[in-house]
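Structure first, commentary second.
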There are 2 protein chains.
Amino acid sequence: MSSAQQKPKAKRDTKRLILDICERYLMQWGYNVFSYHHIADELGVKNAAIHYHFRTKSDLAVAVLLRYRARFIRWTQTVEALPPQAQLDAYMRLSLNFVLNQRVGVLVTLGTEYNTLPEPLQEQVKLLQDEIFTWFAALLERGRSSGDFLFNGTAHAMASLIATTMLGSQLLGRVRGIGPFEEVVEQVHLIVGMKRNSP
Amino acid sequence: MSSAQQKPKAKRDTKRLILDICERYLMQWGYNVFSYHHIADELGVKNAAIHYHFRTKSDLAVAVLLRYRARFIRWTQTVEALPPQAQLDAYMRLSLNFVLNQRVGVLVTLGTEYNTLPEPLQEQVKLLQDEIFTWFAALLERGRSSGDFLFNGTAHAMASLIATTMLGSQLLGRVRGIGPFEEVVEQVHLIVGMKRNSP
DNA sequence: CCTCATACTTACCTATTAGTCAGTAAGTTC
DNA sequence: GAACTTACTGACTAATAGGTAAGTATGAGG
């Protein structure tokens, strides 16, 4: 490849690329498996270049999670006008896409590794989990009030059940493929009283 | 010859102890984090002693999973005479005890790490997942036939939903403690129609 | 007593890890 | 054009990883 190492006008946004690659590793492998060398190799730079942008591995992962959470919050805003069923479906479609891309949500990998994570990263995992579970509880509550959902127990409990189900079903999907994952999604529809003959 | 081959001495059953320690690490940390040195230190022996009993790390983990699966099968036999609700409760109590002991089931850690595992270990993860999900489906099927459970959808789908919920709720429990875990367990009771007026 | 198997230890190997530090080329600012 | 900043490279470290080979202490069986 004779690409003349020129550094053209638009400087490569290395920092953002590092975050992207790290995020992908977190979803495919988790925190403990990937290394700075993996990222550096992919970018065609040296190990030390990653340390220049993020002093430690923990700092890098924390930065990924901050961005991840902010993106989730923006996402909830883009769907908040939709009917409750559509919002629930949209969320499940996010998880579906993870599984299709051989990934799982970071809460799956980092939740599993929780005991082995540096403290600042544990903090971020908690914050993200809070964000997602709180959003879920509010959605279930509104959906029941509006008559879109129908279930027993508190909305909070049902939210916890569905949110954990989505975590677990990603593990199932990772091992067994998309079919079993979709079976679970279908059953979630039933337990919240959706699926009223809608095409 | 036909004599009872008694153990000449209560020699330390190192092989079994290695399996025990490895199993604990798998449930606390997963496969990629622990090392032979961790196990050796705990036993007060050298690294190479572990290699003597299990040639590779993969061999060791496979041996743990074989034992784990056999134990699960024995467990299902000990509860098979109980009513369906009691069996479901007993299973959920197993998960509860994991969480109380800062562990999660091996399907949680190894499912998460699945893409990074050596092939023979992936195989064992699949076999264990099969065993557990199949048992769950049979339980739900019997429970519905007998009128103990009440739910919509196929027993297979409901089994997948509950089994994945138990996986996910262990992740929740690991991060947030036992309270949120128990909330999910309670909600599982509701969605299979247990808890009909019973306190 | 000799031989053998068991259950290790000692010593070592190569690869990889996160992280450091000094140096430098290419802008940017004054 | 000097001073400063940005974005790296190259060379290194100490620790740890999984794994191997050769040697050794112990005890059982013949």
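These numbers were taken from a predicted model, which means no experiment stands behind them. Any value given below was found using the heavy atoms of this structure, including those in side chains, with hydrogens, waters and symmetry copies removed. Chain letters run A, B, ... following the sequence lines, proteins first, then strands; residues in each count from 1.
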Checklist entry - Rounded to the Å, how far apart are B:H37 NE2 and C:dT10 C1'? => result 13 Å

Checklist entry - A:R176 and A:E183: salt bridge (charged side-chain N to carboxylate O under 4.0 Å, His left out), yes or no, with the steps? => result CA-CA 12 Å; A:R176 306 233 87 96; A:E183 184 186 33; over 6 Å; no

Checklist entry - Taking OH from B:Y36 and C1' from D:dA15, how many angstroms apart are they, rounded to a whole number? => result 20 Å

Next on the checklist: On the nucleotide D:dG18, are OP1 or OP2 found under 4.0 Å from the side-chain N or O atoms that B:R55 carries?
Outcome noted: no

Checklist entry - Should A:S35 be listed as having a side-chain N or O under 4.0 Å from OP1 or OP2 of C:dT16? => result no

Checklist entry - Base, sugar-phosphate, or nothing for A:F34, non-hydrogen atoms under 4.0 angstrom? => result sugar-phosphate

Item to check | Side-chain N or O of A:H53 closer than 4.0 Å to phosphate OP1/OP2 of D:dC8 | outcome: yes

Checklist outcome for this item: Rounded to whole Å, CD1 of A:I50 lies from P of D:dC8 at a distance of 8 Å

Item to check | Whole angstrom value for the distance that separates C1' of C:dT16 from CH2 of A:W29 | outcome: 13 Å

Next on the checklist: Quick check for you: among C:dT9, D:dA17, D:dC8, whose closest atom lies nearest to any side-chain atom of A:V45?
Outcome noted: D:dC8

Item to check | Any donor-acceptor N or O pair under 3.5 Å, side chains A:Q85, A:D148 | outcome: yes

Next on the checklist: Looking at A:R55, I'd like to know if its CZ atom is crowded, meaning that more than 12 non-hydrogen atoms belonging to other residues, nucleotides or ligands lie closer than 6.0 Å.
Outcome noted: no

Next on the checklist: Between P on D:dA17 and CG on B:N47, what's the gap in Å once rounded to a whole number?
Outcome noted: 9 Å

Item to check | Gap between atoms NZ and P, on A:K46 and D:dG10 respectively (whole Å) | outcome: 5 Å

Next on the checklist: From OH of B:Y52 over to P of D:dA25, roughly how many Å is that when rounded to an integer?
Outcome noted: 17 Å

Checklist entry - Is the backbone of B:L110 close enough, under 3.5 Å, to the side chain of B:Y31 for a donor and an acceptor to pair up by distance? => result no

Checklist entry - Can you tell me how far C1' of C:dA15 sits from NZ of B:K57, to the nearest Å? => result 14 Å

Next on the checklist: Checking the side chain of B:Q187 only, and the main-chain atoms of A:S160 only, is there a donor and an acceptor separated by less than 3.5 Å?
Outcome noted: no

Item to check | Candidate nucleotides C:dC21, D:dT20, C:dC8, ranked by approach to the side chain of A:A48 - the nearest | outcome: C:dC21

Next on the checklist: It should be established whether A:T14 places a side-chain nitrogen or oxygen under 4.0 Å from OP1 or OP2 of nucleotide D:dA7.
Outcome noted: no

